[in-house]
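Below: one structure, written as C-alpha coordinates.
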Number of protein chains: 2
Amino acid sequence: MKNLLYLKDEQIKDCIQLLLYAYRETFSDPLEILKKNSLGAAHYRTLHLVERNEGINVNELLIKLKITKQSLNRVLKELKRLKLIKQVRDKNDTRRKLLYLDQNGKKFYQEVFEIQKKRIFNALKHSDSDSVIKFKEVLKKIINGKK
Amino acid sequence: MKNLLYLKDEQIKDCIQLLLYAYRETFSDPLEILKKNSLGAAHYRTLHLVERNEGINVNELLIKLKITKQSLNRVLKELKRLKLIKQVRDKNDTRRKLLYLDQNGKKFYQEVFEIQKKRIFNALKHSDSDSVIKFKEVLKKIINGKK
DNA sequence: TATTTTGGTCAGATATGTTGACATATTTTA
DNA sequence: TAAAATATGTCAACATATCTGACCAAAATA
(Lines give C-alpha, C1' and ligand atoms only; values in the text may rest on other atoms or scores of the structure.)
Protein backbone atom coordinates (compact mmCIF):
# COMPACT_ATOMS: atom_id res chain seq x y z
CA MET A 1 0.00 0.00 0.00
CA LYS A 2 1.32 3.41 -0.93
CA ASN A 3 1.90 6.10 1.61
CA LEU A 4 -0.80 8.63 0.86
CA LEU A 5 1.04 11.71 2.04
CA TYR A 6 -1.32 14.05 0.25
CA LEU A 7 -4.25 12.81 2.33
CA LYS A 8 -2.77 14.03 5.60
CA ASP A 9 -4.63 16.78 7.44
CA GLU A 10 -1.91 19.35 6.83
CA GLN A 11 -2.10 18.72 3.10
CA ILE A 12 -5.87 19.05 3.13
CA LYS A 13 -5.62 22.33 5.02
CA ASP A 14 -3.15 23.48 2.40
CA CYS A 15 -5.62 22.73 -0.36
CA ILE A 16 -8.44 24.52 1.43
CA GLN A 17 -6.30 27.59 1.91
CA LEU A 18 -5.14 27.60 -1.72
CA LEU A 19 -8.73 27.29 -2.85
CA LEU A 20 -9.77 30.22 -0.70
CA TYR A 21 -6.97 32.46 -1.92
CA ALA A 22 -7.36 31.51 -5.58
CA TYR A 23 -11.07 32.20 -5.42
CA ARG A 24 -10.62 35.48 -3.61
CA GLU A 25 -8.02 36.83 -6.01
CA THR A 26 -9.87 35.68 -9.11
CA PHE A 27 -13.09 37.32 -8.06
CA SER A 28 -11.60 40.48 -6.59
CA ASP A 29 -9.96 41.49 -9.85
CA PRO A 30 -13.25 42.54 -11.52
CA LEU A 31 -14.70 44.34 -8.49
CA GLU A 32 -13.32 47.75 -9.39
CA ILE A 33 -14.90 48.01 -12.82
CA LEU A 34 -18.12 46.51 -11.48
CA LYS A 35 -18.26 49.13 -8.74
CA LYS A 36 -17.81 51.91 -11.31
CA ASN A 37 -21.05 50.66 -12.83
CA SER A 38 -22.66 50.36 -9.38
CA LEU A 39 -22.71 46.58 -9.63
CA GLY A 40 -21.21 43.91 -7.40
CA ALA A 41 -19.95 40.34 -7.49
CA ALA A 42 -23.49 38.99 -7.35
CA HIS A 43 -24.41 40.77 -10.59
CA TYR A 44 -21.32 39.45 -12.30
CA ARG A 45 -22.02 35.86 -11.25
CA THR A 46 -25.45 36.20 -12.82
CA LEU A 47 -24.07 37.77 -16.01
CA HIS A 48 -21.51 34.99 -16.24
CA LEU A 49 -24.11 32.23 -15.91
CA VAL A 50 -26.49 33.84 -18.37
CA GLU A 51 -23.66 34.28 -20.86
CA ARG A 52 -22.79 30.62 -20.54
CA ASN A 53 -26.43 29.49 -20.59
CA GLU A 54 -28.28 31.82 -22.93
CA GLY A 55 -32.00 31.25 -22.64
CA ILE A 56 -31.85 29.88 -19.10
CA ASN A 57 -34.96 30.51 -17.02
CA VAL A 58 -35.11 31.99 -13.54
CA ASN A 59 -35.58 28.68 -11.73
CA GLU A 60 -32.61 27.02 -13.37
CA LEU A 61 -30.51 30.05 -12.63
CA LEU A 62 -31.55 29.88 -8.98
CA ILE A 63 -30.36 26.30 -8.78
CA LYS A 64 -26.98 27.17 -10.25
CA LEU A 65 -26.53 30.20 -8.02
CA LYS A 66 -27.85 28.49 -4.88
CA ILE A 67 -29.44 31.64 -3.56
CA THR A 68 -33.07 32.52 -2.83
CA LYS A 69 -35.33 33.94 -5.48
CA GLN A 70 -35.69 37.09 -3.42
CA SER A 71 -31.96 37.66 -3.62
CA LEU A 72 -31.80 36.86 -7.30
CA ASN A 73 -34.76 39.07 -8.03
CA ARG A 74 -33.06 42.16 -6.72
CA VAL A 75 -30.01 41.39 -8.85
CA LEU A 76 -32.09 40.72 -11.97
CA LYS A 77 -34.13 43.87 -11.45
CA GLU A 78 -31.01 46.00 -11.57
CA LEU A 79 -29.54 44.13 -14.54
CA LYS A 80 -32.79 44.65 -16.44
CA ARG A 81 -32.95 48.32 -15.48
CA LEU A 82 -29.43 48.80 -16.84
CA LYS A 83 -30.41 46.94 -20.01
CA LEU A 84 -27.71 44.35 -19.49
CA ILE A 85 -30.13 41.44 -19.46
CA LYS A 86 -33.42 40.89 -21.22
CA GLN A 87 -36.22 38.46 -20.51
CA VAL A 88 -38.26 36.78 -23.20
CA ARG A 89 -41.39 34.78 -22.52
CA ASP A 90 -41.08 31.12 -23.37
CA LYS A 91 -43.62 30.46 -26.14
CA ASN A 92 -44.15 26.87 -25.02
CA ASP A 93 -44.75 27.79 -21.39
CA THR A 94 -45.57 31.44 -21.00
CA ARG A 95 -45.02 31.35 -17.25
CA ARG A 96 -41.33 30.96 -17.96
CA LYS A 97 -39.13 33.88 -18.76
CA LEU A 98 -35.90 33.12 -20.57
CA LEU A 99 -32.84 35.20 -19.85
CA TYR A 100 -30.44 36.59 -22.43
CA LEU A 101 -27.62 39.09 -22.40
CA ASP A 102 -28.75 42.32 -24.02
CA GLN A 103 -26.43 44.11 -26.48
CA ASN A 104 -25.12 46.26 -23.64
CA GLY A 105 -24.77 43.20 -21.50
CA LYS A 106 -22.61 41.33 -23.98
CA LYS A 107 -20.28 44.29 -24.29
CA PHE A 108 -20.10 44.86 -20.56
CA TYR A 109 -19.66 41.19 -19.72
CA GLN A 110 -16.79 40.90 -22.19
CA GLU A 111 -15.15 43.96 -20.71
CA VAL A 112 -15.28 42.56 -17.17
CA PHE A 113 -14.29 39.08 -18.27
CA GLU A 114 -11.15 40.40 -19.97
CA ILE A 115 -9.99 41.73 -16.61
CA GLN A 116 -10.76 38.54 -14.74
CA LYS A 117 -9.31 36.43 -17.52
CA LYS A 118 -5.78 37.79 -17.20
CA ARG A 119 -5.01 36.05 -13.92
CA ILE A 120 -6.26 32.66 -15.08
CA PHE A 121 -4.74 33.04 -18.52
CA ASN A 122 -1.29 33.74 -17.11
CA ALA A 123 -1.53 30.84 -14.70
CA LEU A 124 -2.53 28.41 -17.44
CA LYS A 125 0.01 29.81 -19.87
CA HIS A 126 2.73 28.80 -17.43
CA SER A 127 1.27 25.35 -16.97
CA ASP A 128 1.25 22.48 -19.43
CA SER A 129 -1.83 20.90 -20.91
CA ASP A 130 -1.65 17.91 -18.57
CA SER A 131 -1.54 20.13 -15.48
CA VAL A 132 -4.59 22.07 -16.61
CA ILE A 133 -6.53 18.88 -17.27
CA LYS A 134 -5.66 17.50 -13.85
CA PHE A 135 -6.40 20.82 -12.19
CA LYS A 136 -9.90 20.78 -13.63
CA GLU A 137 -10.41 17.11 -12.79
CA VAL A 138 -9.66 17.67 -9.12
CA LEU A 139 -11.94 20.73 -9.01
CA LYS A 140 -14.75 18.67 -10.51
CA LYS A 141 -14.26 15.96 -7.92
CA ILE A 142 -14.41 18.54 -5.15
CA ILE A 143 -17.63 19.96 -6.57
CA ASN A 144 -19.33 16.63 -7.13
CA GLY A 145 -18.35 15.35 -3.71
CA LYS A 146 -17.45 11.87 -4.94
CA LYS A 147 -17.59 9.32 -2.20
CA MET B 1 3.93 25.98 -32.09
CA LYS B 2 1.42 23.95 -30.18
CA ASN B 3 -2.24 24.67 -30.32
CA LEU B 4 -3.04 26.02 -26.90
CA LEU B 5 -6.62 24.90 -26.72
CA TYR B 6 -6.78 25.38 -23.00
CA LEU B 7 -6.09 29.08 -23.34
CA LYS B 8 -9.28 29.75 -25.29
CA ASP B 9 -11.89 31.96 -23.65
CA GLU B 10 -14.36 29.12 -23.21
CA GLN B 11 -11.76 27.09 -21.34
CA ILE B 12 -10.90 30.03 -19.10
CA LYS B 13 -14.58 30.55 -18.32
CA ASP B 14 -14.78 26.89 -17.44
CA CYS B 15 -11.94 27.24 -14.99
CA ILE B 16 -13.48 30.31 -13.39
CA GLN B 17 -16.78 28.53 -12.96
CA LEU B 18 -15.14 25.43 -11.49
CA LEU B 19 -13.19 27.59 -9.07
CA LEU B 20 -16.36 29.35 -7.97
CA TYR B 21 -18.29 26.12 -7.43
CA ALA B 22 -15.41 24.33 -5.68
CA TYR B 23 -14.92 27.24 -3.33
CA ARG B 24 -18.61 27.59 -2.62
CA GLU B 25 -19.16 23.93 -1.83
CA THR B 26 -16.02 23.63 0.26
CA PHE B 27 -16.92 26.60 2.41
CA SER B 28 -20.64 25.96 2.65
CA ASP B 29 -20.17 22.53 4.25
CA PRO B 30 -19.11 23.96 7.65
CA LEU B 31 -21.73 26.72 7.80
CA GLU B 32 -24.33 24.65 9.61
CA ILE B 33 -22.21 23.72 12.61
CA LEU B 34 -20.80 27.25 12.72
CA LYS B 35 -24.29 28.71 12.83
CA LYS B 36 -25.22 26.41 15.72
CA ASN B 37 -22.44 28.13 17.63
CA SER B 38 -23.58 31.57 16.40
CA LEU B 39 -20.48 31.95 14.27
CA GLY B 40 -20.04 32.52 10.56
CA ALA B 41 -17.59 31.96 7.73
CA ALA B 42 -15.52 34.94 8.81
CA HIS B 43 -14.89 33.43 12.24
CA TYR B 44 -13.85 30.15 10.69
CA ARG B 45 -11.42 31.82 8.31
CA THR B 46 -9.77 33.44 11.30
CA LEU B 47 -9.69 30.21 13.30
CA HIS B 48 -8.17 28.44 10.31
CA LEU B 49 -5.40 31.01 9.89
CA VAL B 50 -4.60 31.11 13.60
CA GLU B 51 -4.45 27.33 13.71
CA ARG B 52 -2.02 27.31 10.81
CA ASN B 53 -0.01 30.24 12.15
CA GLU B 54 0.01 29.90 15.94
CA GLY B 55 1.48 33.03 17.48
CA ILE B 56 0.56 35.29 14.56
CA ASN B 57 -0.10 38.89 15.50
CA VAL B 58 -3.10 40.98 14.54
CA ASN B 59 -1.37 42.88 11.75
CA GLU B 60 -0.09 39.79 10.00
CA LEU B 61 -3.53 38.26 10.28
CA LEU B 62 -5.05 41.36 8.71
CA ILE B 63 -2.74 41.05 5.74
CA LYS B 64 -3.65 37.41 5.20
CA LEU B 65 -7.36 38.08 5.53
CA LYS B 66 -7.30 41.28 3.45
CA ILE B 67 -9.97 42.95 5.55
CA THR B 68 -9.92 46.06 7.73
CA LYS B 69 -8.94 45.92 11.36
CA GLN B 70 -12.41 47.06 12.34
CA SER B 71 -13.91 44.02 10.64
CA LEU B 72 -11.36 41.69 12.13
CA ASN B 73 -11.84 43.20 15.55
CA ARG B 74 -15.48 42.33 15.66
CA VAL B 75 -14.62 38.74 14.78
CA LEU B 76 -11.77 38.52 17.28
CA LYS B 77 -13.89 40.02 20.03
CA GLU B 78 -16.44 37.23 19.67
CA LEU B 79 -13.81 34.52 19.38
CA LYS B 80 -12.19 35.79 22.57
CA ARG B 81 -15.52 36.05 24.34
CA LEU B 82 -16.24 32.41 23.46
CA LYS B 83 -12.76 31.46 24.66
CA LEU B 84 -11.83 30.01 21.29
CA ILE B 85 -8.82 32.27 20.85
CA LYS B 86 -6.42 33.77 23.35
CA GLN B 87 -4.03 36.67 23.03
CA VAL B 88 -0.61 36.76 24.64
CA ARG B 89 1.60 39.83 24.78
CA ASP B 90 4.81 39.53 22.80
CA LYS B 91 7.64 39.82 25.33
CA ASN B 92 9.99 41.39 22.79
CA ASP B 93 7.51 44.03 21.71
CA THR B 94 4.73 44.42 24.22
CA ARG B 95 2.58 46.38 21.78
CA ARG B 96 2.06 43.18 19.89
CA LYS B 97 -0.45 40.57 20.90
CA LEU B 98 0.08 37.08 19.62
CA LEU B 99 -2.89 34.92 18.78
CA TYR B 100 -3.32 31.27 19.76
CA LEU B 101 -6.17 28.81 19.70
CA ASP B 102 -7.48 28.27 23.21
CA GLN B 103 -8.25 24.73 24.41
CA ASN B 104 -11.86 25.21 23.40
CA GLY B 105 -10.73 26.64 20.12
CA LYS B 106 -8.58 23.67 19.21
CA LYS B 107 -11.43 21.30 19.89
CA PHE B 108 -13.97 23.39 18.02
CA TYR B 109 -11.70 24.04 15.06
CA GLN B 110 -10.99 20.33 14.71
CA GLU B 111 -14.70 19.57 14.81
CA VAL B 112 -15.46 22.04 12.02
CA PHE B 113 -12.43 21.04 10.00
CA GLU B 114 -13.48 17.38 10.03
CA ILE B 115 -16.69 18.37 8.27
CA GLN B 116 -14.96 20.53 5.69
CA LYS B 117 -12.22 17.96 5.23
CA LYS B 118 -14.52 15.23 3.92
CA ARG B 119 -15.16 16.85 0.56
CA ILE B 120 -11.49 17.54 -0.14
CA PHE B 121 -10.37 14.20 1.24
CA ASN B 122 -12.71 12.29 -1.03
CA ALA B 123 -11.68 14.31 -4.05
CA LEU B 124 -7.99 13.73 -3.40
CA LYS B 125 -8.51 10.08 -2.54
CA HIS B 126 -9.87 9.57 -6.04
CA SER B 127 -6.96 11.43 -7.62
CA ASP B 128 -3.37 10.30 -7.93
CA SER B 129 -0.41 12.02 -6.35
CA ASP B 130 0.61 13.69 -9.61
CA SER B 131 -2.85 15.20 -10.09
CA VAL B 132 -2.84 16.64 -6.60
CA ILE B 133 0.59 18.18 -7.10
CA LYS B 134 -0.47 19.76 -10.37
CA PHE B 135 -3.75 20.91 -8.90
CA LYS B 136 -1.88 22.80 -6.19
CA GLU B 137 0.67 24.16 -8.64
CA VAL B 138 -1.99 25.75 -10.81
CA LEU B 139 -3.77 27.21 -7.79
CA LYS B 140 -0.49 28.76 -6.63
CA LYS B 141 0.08 30.29 -10.04
CA ILE B 142 -3.42 31.76 -9.98
CA ILE B 143 -2.79 33.24 -6.54
CA ASN B 144 0.62 34.67 -7.32
CA GLY B 145 -0.55 36.14 -10.59
CA LYS B 146 2.57 35.11 -12.53
CA LYS B 147 3.11 37.23 -15.58
C1' DT C 1 -61.78 22.62 -11.27
C1' DA C 2 -58.06 22.05 -7.96
C1' DT C 3 -53.21 21.91 -7.51
C1' DT C 4 -48.63 22.92 -8.84
C1' DT C 5 -45.25 25.63 -11.03
C1' DT C 6 -43.07 29.96 -12.21
C1' DG C 7 -42.09 34.39 -11.32
C1' DG C 8 -42.47 38.55 -8.53
C1' DT C 9 -42.85 41.48 -4.26
C1' DC C 10 -42.72 43.41 0.65
C1' DA C 11 -40.73 43.72 5.18
C1' DG C 12 -37.37 42.72 8.45
C1' DA C 13 -33.16 40.32 10.06
C1' DT C 14 -28.28 38.87 9.84
C1' DA C 15 -23.41 38.63 8.36
C1' DT C 16 -19.66 40.81 6.68
C1' DG C 17 -17.53 44.23 4.90
C1' DT C 18 -16.38 49.51 4.39
C1' DT C 19 -14.79 54.75 6.03
C1' DG C 20 -13.46 57.96 9.19
C1' DA C 21 -12.31 59.54 13.64
C1' DC C 22 -10.12 58.84 17.75
C1' DA C 23 -7.47 56.67 21.94
C1' DT C 24 -3.59 54.35 24.22
C1' DA C 25 0.59 52.04 24.85
C1' DT C 26 5.00 51.05 23.13
C1' DT C 27 8.87 51.29 20.18
C1' DT C 28 11.82 53.63 17.05
C1' DT C 29 14.00 57.55 15.19
C1' DA C 30 15.78 62.15 14.73
C1' DT D 1 14.58 63.14 25.26
C1' DA D 2 10.98 64.67 22.23
C1' DA D 3 8.65 63.48 18.12
C1' DA D 4 7.13 60.10 14.94
C1' DA D 5 5.74 55.67 13.81
C1' DT D 6 3.60 51.25 14.97
C1' DA D 7 0.24 47.99 17.03
C1' DT D 8 -3.99 47.45 18.85
C1' DG D 9 -8.67 48.70 20.04
C1' DT D 10 -13.06 51.24 19.77
C1' DC D 11 -17.23 54.07 18.21
C1' DA D 12 -20.50 55.27 14.77
C1' DA D 13 -22.52 55.20 10.37
C1' DC D 14 -23.15 52.98 6.31
C1' DA D 15 -23.08 49.43 2.17
C1' DT D 16 -23.81 44.97 0.38
C1' DA D 17 -25.52 40.66 -0.11
C1' DT D 18 -27.51 37.32 1.81
C1' DC D 19 -31.53 35.18 4.53
C1' DT D 20 -36.69 34.01 6.28
C1' DG D 21 -41.51 34.35 5.96
C1' DA D 22 -45.64 35.91 4.03
C1' DC D 23 -48.19 36.80 0.16
C1' DC D 24 -49.87 37.40 -4.85
C1' DA D 25 -50.89 36.40 -9.86
C1' DA D 26 -50.63 33.96 -14.14
C1' DA D 27 -50.23 29.78 -16.48
C1' DA D 28 -49.83 24.86 -16.85
C1' DT D 29 -51.15 20.37 -15.36
C1' DA D 30 -53.53 16.59 -12.97
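What you see is a predicted model, and the numbers here were worked out from it, not measured in a lab. Each chain gets a letter, A, B and so on, in the order its sequence line appears, and its residues count up from 1.
Nucleic acid contact class of A/S71 (heavy atoms, under 4.0 Å, all strands): base. Across all strands, A/Q87 comes closer than 4.0 Å only to sugar-phosphate atoms, never to a base (heavy-atom distances). If you check every strand for non-hydrogen atoms under 4.0 Å, A/K69 touches a base. If you check every strand for non-hydrogen atoms under 4.0 Å, A/K35 touches nothing. Nucleic acid contact for A/R89: none, since no nucleic acid atom lies under 4.0 Å from a heavy atom of the residue. No engagement by B/E78 is indicated, since no non-hydrogen atom pair under 4.0 Å with the nucleic acid exists.
Closest contact between the side chain of A/N73 and the listed nucleotides C/dG17, C/dG8, D/dA17 involves C/dG8. Side chain of B/R95, nearest nucleotide from C/dT27, C/dG7, D/dT8: C/dT27. Of the candidate nucleotides C/dG17, D/dC19, D/dA27, D/dA27 has the atom lying nearest to any side-chain atom of A/T94. In this structure, of D/dC11, D/dT8, C/dG8, it is D/dT8 that holds the atom nearest to the side chain of B/R96. When distances run from any side-chain atom of B/K97 to the nucleotides C/dT16, D/dT8, C/dT27, the shortest one goes to D/dT8. Comparing C/dG17, C/dT9, D/dT8 by their nearest atom to the side chain of B/V58 picks out D/dT8. For A/N59, the side-chain atoms get nearest to C/dG7 when compared with the rest of C/dT18, D/dA22, C/dG7.
A/F108 pairs in a side chain to side chain contact (heavy atoms under 4.5 Å, CB included) with only one of the listed residues (A/L101, A/L39, A/L82), which is A/L39.
Between B/H43 and C/dT16 there is a side-chain polar atom (N or O) within less than 4.0 angstrom of OP1 or OP2.
Distance CG/B/N53 to CD/B/E60: 8.0 Å, rounded to 0.5 Å.
With rounding to whole Å, A/K91 atom NZ is found 14 Å from D/dA28 atom P. The separation between B/L31 atom CG and C/dA15 atom P is 12 Å, rounded to whole Å. Remark: P of D/dA15 and CG of A/L34 are 19 Å apart, rounded to the nearest angstrom. Spacing between atom CG of A/L65 and atom C1' of D/dA17 amounts to 13 Å, rounded to whole angstrom units. One can place CZ of A/R24 at 13 Å from C1' of C/dG17, the figure rounded to the nearest angstrom. Straight-line distance from the CZ atom of B/F27 to the P atom of D/dA17: 20 Å, rounded to whole Å. Look at CD1 on B/I67: it is 18 Å from P on D/dT16, rounded to the nearest Å. Atom CG in B/L99 sits about 14 Å away from atom P in D/dA7, given to the nearest Å.
Nearest-nucleotide mapping onto DNA chain C: of B/R74 and B/Q70, the residue sitting toward the 5' end is B/R74. Residues B/D93 and A/L39 both approach DNA chain D. Their nearest nucleotides, taken by heavy-atom distance, put B/D93 toward the 5′ side.
Surrounding CD of A/E54 are more than 12 heavy atoms belonging to other residues, nucleotides or ligands, all under 6.0 Å away.
We find that A/E10 and B/R52 are joined by a salt bridge, their nearest charged nitrogen and carboxylate oxygen being less than 4.0 Å apart.
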**OP:** Step by step, work out the salt bridge (charged side-chain N to carboxylate O under 4.0 Å, His left out) result for B/D14 and A/K136.
**Re:** CA-CA 9 Å; B/D14 242 32; A/K136 290 169 79 171; 3.4 Å; yes
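Seen from the ring of A/F113, A/K117 does not count as a face-on cation partner, given the 6.0 Å and 45° thresholds.
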